[in-house]
Amino acid sequence: MGDEQKATHPAAAEEKSGASGRRTLTFDDVETLAAIARAGHRSGNPYLPEMASVVEVIQETPNIKSFRVRFTDDEVMQSFAFEPGQVGQLGMYGVGESTFAINSSPSNNDYLQFSVMQAGEVTTALHQLSMGDKVGVRAPMGRPFPVREWRDKNLLFIMGGIGSAALRATILYCLEHREDYGEVTILYGARTPVDLTFGYDIEEWQSREDISTIITVDAEFPGWEGRVGFVPTVLEELAPEPDNTIAALCGPPIMIKFCLQVLERLQFADEQVYTTLEKRMKCGIGICGRCNVGPKYVCVDGPVFTMAELRELPDEL
Amino acid sequence: MVASAQNKEAGSAAVSEGVVQGRPIKVVAILCNWCSYAGADGAGTARLSQPHDFRIVRVPCTGRVDPLLVFKAFEKGADGVLISGCHPGDCHYSEGNYYARRKFELLRRMVPHLGIEPERFHYTWVSASEAARWQEVVTTFVTGVAELGPREGRAL
Amino acid sequence: MKFLKESDLPAFLEHLSGEAAVVAPAKVDGMVRFLPWSPGTEVELEALLARQSAKEFIFPQWETFLKFRYLMVCDAKRPGTTEDAKMELRLSEEGEGGGEVVAVPAPAAHELLMVGAEQQAVSQVIFGLRPCDARGFVQMDRVFGGYGGFYFDPYYHARRSVATLLVVSCHEPRSTCFCRGVGGGPADAEGADVLFTRVPEGFVAQAFSDKGAAVLQYPGFEEVSEPQVAAAEQSKARAEEMVSVPFELESLREGLRANFESADWQELSRRCISCGTCTYVCPNCYCFNVTDEVVETQGERLRSWDNCFNPSYTLEASGHNPRDAKPSRFRNRFNHKFWYYPEKYDSLLCSGCGRCITYCPTRIDIREVLSVMGGNETRAAGQAAGGAGAADGQVAADAKVGGDAADGEESQHGR
Amino acid sequence: MSDRQAIIRELAREALAEGRIDCFVGWGPGYDGSQVIPVFAKDAAEVEELQWNPLCHHNLTMFLKRKMAEPADARIGVCVKGCDSRTLVALLQEGLVDRERLYIVGVPCDGVIDRRKIDREFAAEVVEVGVNGDTVVARTAAGAEKHFDRPALLLDQCAACRFPNPRVADDIAGDTVPEPEGEPVWPALEEFESLSPAEKDGLLAAVFSSCIRCFACIHACPVCYCWDQCVNRSRTPALVGQRVETPENLMFQLVHIFHVAGRCPSCGACDRACPVEIPLYLLHQKMNKELYDMLGFEAGVNVDDRPALQAFNLDDPFGQG
């Protein structure tokens with residue numbers, strides 16, 4: 001992978017020289033996170049993507065495609081580890097890179113899955129990818145959902161539109177460790193049934209006895225027998241119990257805004273509510289300066305934040 | 001268009017296979033779809049001999065051609081840019097080439113100001129029926145550029 | 001401590017240019033700028049500040065991260081293994097070195113993508129830096145050096161580790177200098193490998209690092225005499241006197257946090273034209289952009305300077321822009337330097353050189369902004385903290401605000 | 001000179017008092033006595049800050065273009081010199097500024113001092129520039145002083161200025177100054193135009209290698225109004241990439257210059273805003289010279305003219321061939 005020059009990490013060197021203490025993040029300590037994050041950069045150059053090729057393309061909705069990519073270097077594929085909620089930069093040489101949640105299950109060493117909604121220059125180019133095409137992947141990045149801390153708690157996943165991509169890996173992880181958690185509820189809404197992603201998961205989730213899955217669409221749609229209503233209204237009707245429950249939220253800002261109000265009325269404390277933010281990102285490693293919300297960089301201090309943390313940050317979402 | 005003797009001799013000898021001083025010259029011809037493109041097409045079907053090392057960009061109307069596209073062509077390595085459209089008055093969109101005329105006249109006067117030899121940019125009008133005129137226009141222009149040879153501009 | 005005669009300076013630089021590229025300030029048609037030095041060019045030390053800091057020599061305005069190339073390999077010659085692909089690459093006449101074959105097409109594919117990282121660092125000696133320029137590098141080192149467990153930037157580190165910073169202390173600070181206000185000083189040695197101080201007929205030179213000590217081995221240095229040391233101290237003290245401390249550092253971070261929604265940002269940013277000059281002449285601003293530039297089938301991914309005044313800096317593909325209004329972009333620059341960066345890297349991101357004041361097209365004054373936002377000076381209409389006089393009136397009254405640089409948490413770390 | 005300043009203050013005070021405007025844009029004291037800054041006066045106290053003197057070089061029309069005024073529908077009073085008023089006329093010609101919400105105070109001008117000509121004479125920082133009559137006194141903080149005679153210190157374009165009086169104004173601050181007769185002259189271009197193509201190419205390559213793409217020239221330009229949607233930042237089309245070196249830097253400036261062709265009156269705001277002092281007049285003055293030769297056209301002179309490249313007439317004397 002480019003020059004094999006192994007660059008020693010001055011932060012480690014500086015560590016020995018007793019520079020002022022390392023800033024600890026709120027969930028796990030930084031060691032495991034930094035080690036995981038750097039596992040993917042064998043050459044010590046965090047800007048150099050790992051070569052991967054597309055093994056499968058799934059047309060989820062008219063403007064969302066999921067890409068299953070496999071690292072060309074099999075050793076990297078097998079040793080690749082990430083925590084649910086972490087993101088990766090999927091890029092095409094000549095066009096650029098964009099940040100997407102890794103939404104395949106952390107236990108899956110066969111491929112990584114990224115779901116891409118067509119919006120700008122890079123996503124439009126990604127939508128032209130076909131089997132065997134080469135892409136660059138820089139992953140894993142960012143701070144994950146603290147799934148270990150959630151042990152023995154009830155889980156409430158609230159997703160809207162493409163927000164499902166950000167939570168899928170976490171849902172799959174929790175379902176694979178179902179016994180570690182209390183009740184698991186999945187509330188997923190989209191504008192129309194055609195806009196519902198991961199149809200293959202939804203059937204499986206709806207058929208399981210040990211979780212309750214509520215799928216809703218914003219308005220009546222020919223041929224749709226399921227529930228109709230905006231996610232916040234359905235959440236209000238659902239009225240989940242706040243005690244010992246974690247809510248994980250992702251979707252369009254308007255949905256998040258109203259869902260937060262509902263959760264507040266249902267007495268959910270800010271520490272119980274998690275969300276994952278989306279910002280324009282370039283380096284993805286907390287250096288280039290653009291994805292900040294106040295003093296926090298969404299790419300390294302996030303993208304996962306608790307509402308308690310977000311309340312502390314200035315309002316420039 | 002005084003090219004040094006050595007250059008002239010090398011220029012005309014080499015133009016036949018389009019390679020001058022080790023690198024083929026690159027000429028871009030921006031032709032309006034209704035007149036000049038049709039004229040060039042006519043010249044082609046009539047088997048009129050014309051140099052083959054220029055690339056045609058077909059545009060709906062020269063009125064749409066932004067002068068910056070000409071500078072971008074020079075910056076990306078073009079050695080000559082020719083623009084040809086309908087004669088003023090014949091424009092398919094009635095006034096496209098009237099606007100174009102002012103833009104290209106300003107362009108023709110600014111190109112030398114950037115250190116690019118004037119012979120490397122030319123704008124003219126060729127109608128759909130004037131295949132012979134097209135042959136004459138493109139041959140003189142491409143030969144002129146070939147004589148100047150590849151452009152080694154450093155500013156643009 | 002050593003002494004170098006003024007007349008020996010060219011010889012000294014020539015000696016240095018033996019194994020490193022020397023950069024020094026030079027006056028070119030009226031403008032003083034850091035430029036590559038070659039024997040015979042006159043070093044300009046009279047003017048205090050070069051037009052831009054020397055940031056571009058270690059953090060260049062654009063640099064290549066990696067080169068890539070799509071090769072269409074026809075079946076007949078399709079290389080079976082990576083070795084064949086490398087052989088094929090070396091044979092193809094336009095395959096220049098540096099590219100390393102990392103991918104062999106799967107049987108069905110016919111496209112070979114080659115990627116090669118670019119990392120060459122020329123060792124450099126930058127002479128004629130001022131303490132605020134050198135301090136800029138120290139503050140950028142934390143970002144690119146993985147401070148606090150974050151990522152490490154090999155491109156910056158490659159250049160920075162082979163760069164030697166020779167600082168010349170200031171003899172006549174400008175009215176826009178406020179290094180003492182942010183924990184620095186006109187003779188501050190932070191980041192300097194060798195600190196030169198001008199004395200009659202030469203410089204007193206003091207090393208502050210192993211690189212500095214190595215530089216002082218140059219035979220042209222003489223032993224320093226007592227009066228010269230005294231003269232150096234006296235010149236430093238005199239310069240220290242001339243630098244004002246225009247705002248209160250202690251309460252600044254809290255002031256910025258409290259004033260995030262304040263309408264003052266609209267007032268202060270009215271005459272700002274949101275261009276970005278202040279960030280590009282600044283020794284500390286490091287934000288950058290990453291883009292792919294391709295011509296036909298080959299290109300490179302490159303990093304280039306960017307800044308938060310650029311309206312599309314935070315523009316998202318959905319069209320939403322969290323910092324769309326000019327005051328929010330304006331606010332972000334000051335918050336980043338005096339609140340966000342200190343919270344993450346335990347030092348300020350400003351060394352008080354004042355270039356952002358001098359070269360801003362409408363002279364936005366960072367000292368005025370920070371004294372208003374630091375909460376210790378109500379905003380007088382159109383009044384700059386440092387300036388008063390009308391064109392035919394008196395010299396700018398040196399507004400003394402808050403006395404010496406308070407040793408707040410930031411400036412201690414900044415030391 | 002100070003009577004114009006008094007009239008400006010008077011007009012501003014009245015307009016604010018009568019509530020005709022929300023704020024008045026003029027020039028005011030900078031951080032030292034050697035320069036002025038644009039000032040947004042909103043009440044009587046701030047009006048007292050307003051100044052008029054030969055240091056007032058900013059073209060305040062830049063604050064009237066799209067997405068610059070805060071709030072967008074504010075009623076603004078603005079001071080304009082002759083060249084500034086031509087850029088305002090150019091905006092009015094295209095209907096890009098709502099004439100109703102503007103109160104325009106025209107200031108007849110007899111030349112603005114080129115601050116760079118002063119700074120070149122000093123190593124230390126000039127902190128005070130005093131103008132009395134035809135002599136200009138510049139002083140450093142340490143007290144070193146130099147005297148200049150004023151005509152020599154003026155901006156080059158002021159010496160060749162043809163429209164010192166404002167082309168559009170609601171009120172004029174003081175009486176107008178005599179306007180020169182005859183054809184426009186372009187002294188700054190003569191030397192460059194005499195160079196050979198290779199020399200021009202070499203000089204432009206050197207000059208534009210120092211461009212740092214800070215966009216000050218584009219954002220300071222009153223008639224460059226796409227500024228936050230500038231094609232120089234777009235990748236579709238990618239007219240300019242991110243390689244900050246000469247060919248793309250010159251392309252970057254050609255995008256600016258050719259987009260304002262026929263609307264830019266060579267007011268020089270871009271030259272003065274450039275932190276690395278690139279001589280942009282080589283491009284915009286040459287363009288205006290050619291437009292004058294071609295069509296006898298001068299930008300921003302009459303509000304009801306059409307900008308040169310947005311109009312045509314059948315018998316334009318070129319483009320026959």
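Letters go in sequence order (proteins before strands), and every chain restarts at 1.
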Identify the two heavy atoms, one from C/Pro322 and one from C/Thr314, that lie closest to each other, and give their separation to 0.1 Å. CD-O, 3.2 Å
Side chain, backbone, both or neither of C/Glu261 within contact of chain A (heavy atoms, under 4.5 Å): side chain
Taking side chain as everything from C-beta outward and backbone as N, CA, C, O, which of these in A/Leu317 sits under 4.5 Å from a heavy atom of chain C? Side chain, backbone, both or neither. backbone
ring-ring contact (aromatic ring centres under 6.0 Å, His included), that's the test. Do A/Phe67 and A/Phe114 meet it? Break it down for me. CA-CA 5 Å; A/Phe67 298 96; A/Phe114 297 97; 9.0 Å; no
So for A/Met131, is it side chain, backbone, both, or neither that comes closer than 4.5 Å to the heavy atoms of chain C? neither
Residue selection (most heavy-atom pairs with chain A, distance under 4.5 Å) from C/Leu315, C/Thr291, C/Asn321, C/Val295: C/Leu315
What option among C/Asn289, C/Asp306, C/Asp141 has the most heavy-atom pairs under 4.5 Å with chain A? C/Asn289
Using non-hydrogen atoms only, which part of A/Glu121 is less than 4.5 Å away from chain C: side chain, backbone, both, or neither? neither
If one checks every heavy atom of C/Phe68 against chain A at 4.5 Å, the contacting part turns out to be side chain
Let's test your reading of the structure: which of C/Cys308, C/Ser312, C/Gly319 forms the most heavy-atom pairs below 4.5 Å with chain A? C/Ser312
Do C/Asn332 side-chain atoms and C/Ser328 backbone N/O form a donor-acceptor pair below 3.5 Å? no
Could you have a look at C/His320, C/Arg303, C/Arg301, C/Arg257 and say which one has the most heavy-atom pairs with chain A under 4.5 angstrom? C/Arg301
Could you go step by step and tell me if A/Asn45 and C/Tyr155 meet the side-chain hydrogen bond (donor to acceptor under 3.5 Å, both in side chains) rule? CA-CA 8 Å; A/Asn45 178 351; C/Tyr155 297 94; 2.8 Å; yes
Using the ring centroid of each side chain, check whether C/Tyr286 and C/Tyr156 are separated by less than 6.0 Å. no
Look only at the side chain of A/Lys282 and the backbone of C/Val290, and say whether a donor-acceptor pair between them is shorter than 3.5 Å. yes
